[in-house]
Amino acid sequence: MDTQEQELEDIELFQKHVSDRFTELSSPPEDDALLSVSWLHRLLDVFLCCEAEFEAILIMDRDPSQLSKPPFDRLIPEFIERAVKALDICNAVANGVDSVRHCQKLSEIVISALDQNPLGDGHAKRAKKALLMLLSAMNLDDKEGTHVKATERSWSFGRRGVNKEQIAGHFRSLSWQVAKNWSSAKQIQSMIYNLVAPRGAEASGLPSPIYTMNVIMIFVMWAMVAAIPCQERNGLPTHFPVPKQLNWAHSLIGLQEKIADEWKKKEKKGMSGLLDELQKMEKLAQSLIDFTDSFHFPGDAEKVKEAAANVSELKEIFRRMDQGLTPLQMHIREVFHRIVRSRTEFLDVLEKGSAPAL
């Protein structure tokens, strides 16, 4: 009885921590806007903290045979399957960070060309060329991919029926590309499929944190795909059902609705993603294109002043990207390896739980 009470207390504490963490994410400070590079770092931290606590509740000091019985003989394999799909999303998003970095480098050319006093016609022409390349890079069709088109992509972990030995080598790195016909939108859809909240007695037992962690994993992967340019995002779901009565769900649902609203606008405008820095960079690039298009030395003083302010803002965005993109890629790598480790541990538990008693 004491063990059961402790388990219920641990589950309740886990759900409180989930609620607290997502409440903090839903009210970011002014310098940490929703879906900015720094906000994504915080999101990944939330995932890592929740995953560690979840694993402790489910596996630590537990008889493996308990997790081989219904409903866990269904719930845990489903969780593992979603984890495998999350690994391919980590790969795609990490590759997408490289395309963001490419935009950053083009913005550096723009800054270098326009941060001149006096500004000459040659500077304006150089900046315009880089701006056109920047906007073109931002508006690449997701289907074309975010990497060199000639690069052949291969599946990392998405196929069914692959055993631990076959994929052990692949799990050591995050360098594998996803398949040419792979779709981040369909991958998210497949993770959402068959996700059902526990009911009755299961709602207060161990199935509850399994469901909670499933939702967290889907939300984190979905938010990253929405923010970072990824392969084939057309048709990305804007909603996945989470019961509002769950005590941890309110803040997560609020975030989901905000991101979904922005995504719908993105699909209409055809922007490259919801990353805060990219959206601001695109607006500045559009304004600077208009400026360079009509500029003739010495230029209108008021317009030159306005352009200088835009360049100053672009510098700040460049600085934030310069500081945050490489650590973000490393953070994604950390999440990738944590999911790999967690998956392996759950497979071991299932294997021990199903082993015949001696």
Side-chain angles (χ1 to χ4, degrees), residues 22 25-26 33-37 39-40 43-44 46-47 81-100 103 137-147 149 153 155-158 177-196 214-242 249 251-282 328-329 332 335-336 339:
F22 277 93
L25 278 176
S26 64
L34 180 68
L35 295 180
S36 63
V37 172
W39 188 89
L40 289 176
L43 177 69
L44 296 179
V46 164
F47 175 83
E81 181 69 20
R82 289 190 179 98
V84 168
K85 291 170 181 175
L87 293 173
D88 273 320
I89 290 176
C90 286
N91 271 327
V93 173
N95 292 338
V97 173
D98 284 335
S99 71
V100 177
C103 292
M138 285 183 166
N139 289 289
L140 266 180
D141 187 343
D142 288 337
K143 196 167 186 177
E144 296 297 328
T146 58
H147 260 296
K149 295 178 190 176
R153 296 178 174 90
W155 277 101
S156 47
F157 323 105
Q177 304 283 344
V178 292
K180 253 183 186 177
N181 61 348
W182 184 84
S183 162
S184 55
K186 288 179 181 177
Q187 193 83 332
I188 294 293
Q189 287 169 2
S190 67
M191 290 180 75
I192 296 170
Y193 177 72
N194 209 27
L195 179 67
V196 180
N214 270 314
V215 171
I216 292 168
M217 181 160 58
I218 292 169
F219 176 82
V220 170
M221 297 301 144
W222 173 76
M224 287 203 299
V225 167
I228 306 290
C230 267
Q231 185 174 317
E232 190 58 78
R233 293 182 298 177
N234 293 329
L236 183 69
T238 54
H239 176 74
F240 48 93
V242 181
S251 297
L252 187 145
I253 291 171
L255 282 169
Q256 183 190 29
E257 289 172 350
K258 285 179 188 176
I259 294 170
D261 287 344
E262 289 300 314
W263 181 257
K264 289 170 188 173
K265 294 176 191 174
K266 179 264 174 199
E267 286 193 309
K268 288 180 183 177
K269 293 179 181 178
M271 293 187 303
S272 60
L274 298 184
L275 188 70
D276 182 64
E277 286 82 358
L278 275 185
Q279 292 198 73
K280 288 176 178 174
M281 186 179 282
E282 184 177 40
L328 179 62
Q329 232 167 6
I332 295 167
V335 167
F336 177 95
I339 293 172

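- With E262 contributing its side chain and L274 its backbone, the two residues share no donor-acceptor pair below 3.5 Å.
- Not less than 6.0 angstrom separates the ring centroid of F47 from the ring centroid of F219.
- At a cut-off of 3.5 Å, with distance as the only test, a side-chain donor of D98 or Q329 sits close to an acceptor on the other residue.
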Is there a side-chain contact (heavy atoms from CB on, under 4.5 Å) between L43 and L40? Walk through the geometry before answering. CA-CA 5 Å; L43 177 69; L40 289 176; 4.2 Å; yes

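- A distance-only check finds a donor-acceptor pair linking the side chain of R233 to the backbone of V225 [under 3.5 Å].
- Between the CG atom of L34 and the CG atom of L25 there is a distance of 9.0 Å, given to the nearest 0.5 Å.
- Using a 4.5 Å heavy-atom threshold, the side chains of C103 and L278 count as touching.
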Would D261 and K265 count as a salt bridge (Lys or Arg N to Asp or Glu O under 4.0 Å) here? Give the steps. CA-CA 7 Å; D261 287 344; K265 294 176 191 174; over 6 Å; no

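- In this structure, the side chains of F240 and I188 stay at 4.5 Å or more apart for every pair of heavy atoms.
- For S26 (side chain) and L255 (main-chain N/O), no donor-acceptor pair under 3.5 Å exists by modelled atom type.
- A donor-acceptor pair under 3.5 Å is absent between the side-chain atoms of W222 and the main chain of Q256, judged by distance alone.
- Residues E257 and H239 form no side-chain contact, since every pair of their non-hydrogen atoms from C-beta on lies 4.5 Å or further apart.
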Yes or no on side-chain contact (heavy atoms from CB on, under 4.5 Å) for L275 and M281, after CA distance, side-chain angles and deciding distance? CA-CA 10 Å; L275 188 70; M281 186 179 282; over 6 Å; no

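- Looking only at side-chain heavy atoms (C-beta outward), N181 and E232 stay at 4.5 Å or farther from each other.
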